[in-house]
J.: 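This is the structure I have questions about; it appears just below.
Note on naming: letters A, B, ... go to the chains in the order of the sequence lines (proteins, then strands), and numbering restarts at 1 for each one. These numbers come from a predicted model, not from an experiment.
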Amino acid sequence: MKSVFKKNKILVVIVVGILLVLSLNFFQKTVKGFFYATSAPVQKSLEQTGSNATDFFSGVFRSKELKKENEELELNIQILLAENASLKEIQEENQVLRGALEIGLQKDFRLALAEITSQDIGQGSILINQGSKDGLNKGMPVITQQKVLLGRITEIYEDFSRVALISSKESSFDAEVLDRGASGVVKGKSSQLLTLDLVVQDKEIKEGDVVVSASLGGIYPKGLLVGLVQEVKRSDTDPFYQIAVVPFFDLQRTNSVLIILDF
Amino acid sequence: MFRRIFIYALFFYFLALLQTSVLADLSLRGVINLISVFVILINLFEKPRDYAGLYAGFIGGFFWDIFSANFIGQNALILLALALFIKIVLRKYVWAPAF
């Protein structure tokens with residue numbers, strides 16, 4: 001009997017493995033929740049170490065590039081300062097007009113703050129430290145403090161939630177190109193790239209145009225920042241543009257996120 | 001044997017934590033997965049008659065599933081199959097004096 005067991009050891013390992021796996025899927029939320037809760041403190045400090053190390057190495061390896069970028073940014077600051085001054089004037093004017101017309105400001109979103117616990121870049125998802133206990137639900141949009149769209153909640157645990165990023169391959173939502181009146185569907189392509197499909201070629205779209213979310217599909221509220229147009233391709237056979245969009249979010253520099261509870 | 005499995009469990013647990021925190025930040029961008037790399041290495045350098053590499057594959061995949069959006073078991077079974085494949089190839093087709 002003992003020798004038979006020894007001979008079929010591999011088979012036993014496989015059978016036990018499959019049975020264990022199948023049974024664990026019935027308590028997936030509990031099992032994953034338990035591991036997330038116990039690992040959160042270690043993971044948080046590791047995450048911090050990771051972003052510090054990234055900052056250090058990117059500084060070392062990209063010094064030449066950074067110098068050039070710095071010069072460009074300084075130039076941009078000058079332009080933006082001038083723009084800012086004129087916008088302040090417009091804002092004051094706007095406030096006066098609103099007061100006069102008695103228009104209330106658009107109802108702000110109800111938000112909840114959470115921190116990123118871990119990242120799964122390959123799958124295009126992140127884990128945040130707020131869950132069903134904190135009133136979160138599946139499908140809630142997640143943004144950064146700069147109103148940049150990150151994604152939406154796809155899995156919910158008691159104390160944690162998994163957020164599928166807009167760059168994940170399953171992600172697809174309606175968006176529009178700011179000031180161009182063109183709308184289409186943004187799809188995730190890779191961790192660094194999105195595509196904007198179904199934009200009819202009758203509108204002019206240029207590199208550097210800003211893509212924002214549209215309320216059409218009801219997935220995200222209108223006007224959240226999505227990304228910048230990187231490349232626009234035209235084709236004579238295709239009535240639509242092929243547009244590559246670089247997302248605005250930068251996970252390496254984002255530690256906390258905001259969840260839109262209702263919109 | 002149990003001591004080795006326990007050590008593998010601890011090792012892969014911390015590797016999964018590293019994979020989803022430090023390494024996710026360090027521009028690896030999901031290209032290199034240390035868990036599968038170590039499962040392959042363990043199975044390649046272990047004696048083909050030993051079975052601990054199979055446990056390593058299963059445990060490594062299990063922790064990978066826990067800390068990712070996959071359902072529990074997807075990578076556990078893939079890495080178990082991979083470990084088994086390496087074992088069979090080494091046993092049947094590779095001859096080395098060390099084995």
Side-chain angles (χ1 to χ4, degrees), chain A residues 6 9-10 12-14 16-28 31-36 38-40 42-55 57-58 61 116-127 154-155 162-164 168 170 190-192 251-253, chain B residues 1 5 9-10 12-36 48-81 83-88 91:
Chain A
K6 226 176 183 180
K9 214 171 184 180
I10 296 172
V12 172
V13 170
I14 294 168
V16 169
I18 292 169
L19 286 177
L20 200 69
V21 161
L22 287 176
S23 61
L24 279 178
N25 270 297
F26 291 112
F27 323 101
Q28 180 153 296
V31 175
K32 282 194 173 182
F34 167 76
F35 277 103
Y36 294 156
T38 48
S39 315
V42 186
Q43 216 162 10
K44 188 74 213 143
S45 56
L46 285 174
E47 176 89 17
Q48 196 58 47
T49 315
S51 44
N52 290 345
T54 311
D55 286 347
F57 285 118
S58 66
F61 293 122
I116 298 176
T117 316
S118 76
Q119 303 173 19
D120 183 5
I121 303 294
Q123 300 273 327
S125 70
I126 54 170
L127 195 73
T154 48
E155 278 175 42
R162 189 163 287 283
V163 178
S168 77
E170 289 81 28
S190 69
S191 59
Q192 303 283 328
L251 284 179
Q252 288 175 12
R253 298 185 198 292
Chain B
M1 185 66 143
I5 292 168
L10 269 182
F12 282 113
Y13 171 68
F14 282 106
L15 211 58
L17 285 183
L18 281 176
Q19 189 73 48
T20 51
S21 50
V22 181
L23 299 178
D25 265 337
L26 279 175
S27 298
L28 291 179
R29 301 252 152 237
V31 177
I32 303 168
N33 190 297
L34 280 186
I35 294 175
S36 41
R49 302 241 161 241
D50 282 353
Y51 295 105
L54 297 180
Y55 291 106
F58 181 76
I59 294 165
F62 172 76
F63 283 117
W64 185 359
D65 289 330
I66 288 286
F67 290 101
S68 70
N70 303 324
F71 70 88
I72 301 175
Q74 186 181 319
N75 290 313
L77 292 180
I78 290 171
L79 289 188
L80 177 65
L84 194 63
F85 175 74
I86 295 171
K87 284 259 169 278
I88 291 168
R91 256 193 191 189

J.: Just how far is it from atom CG of B:Asn70 to atom CG of A:Asp120, taken to the nearest 0.5 Å?
T.: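 Rounded to the nearest 0.5 Å, the CG-CG separation comes out at 7.0 Å.
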J.: To the closest 0.5 Å, what do you measure between CD (A:Glu155) and CZ (B:Phe71)?
T.: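 That separation rounds to 12.0 Å.
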J.: Which atoms of B:Asp65 come close to chain A, meaning under 4.5 Å heavy atom to heavy atom: side chain ones, backbone ones, both, or neither?
T.: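 Only the backbone of B:Asp65 comes within 4.5 Å of chain A.
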J.: Heavy-atom cut-off 4.5 Å, strictly under: side chain, backbone, both or neither for A:Gln28 against chain B?
T.: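 Both backbone and side chain.
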J.: Roughly how far, to the nearest 0.5 Å, is the CG atom of B:Leu18 from the OG atom of A:Ser118?
T.: 12.0 Å
J.: Side chain, backbone, both or neither: which part of B:Ile72 has a non-hydrogen atom closer than 4.5 Å to chain A?
T.: both
J.: Could you measure the distance from the CD atom of A:Gln119 to the OG atom of B:Ser68? Nearest 0.5 Å is fine.
T.: 14.0 Å
J.: So what's closer than 4.5 Å to chain A heavy atoms on B:Phe67: side chain, backbone, both or neither?
T.: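 Backbone plus side chain of B:Phe67, per the 4.5 Å heavy-atom cut-off to chain A.
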J.: Could you label the plane-to-plane angle of the B:Phe62 and A:Phe35 rings as parallel, tilted or perpendicular, counting under 30° as parallel and over 60° as perpendicular?
T.: perpendicular
J.: Which atoms of A:Ser39 come close to chain B, meaning under 4.5 Å heavy atom to heavy atom: side chain ones, backbone ones, both, or neither?
T.: both
J.: In Å and rounded to the nearest 0.5 Å, what is the OH to OG1 distance from B:Tyr13 to A:Thr38?
T.: 4.5 Å
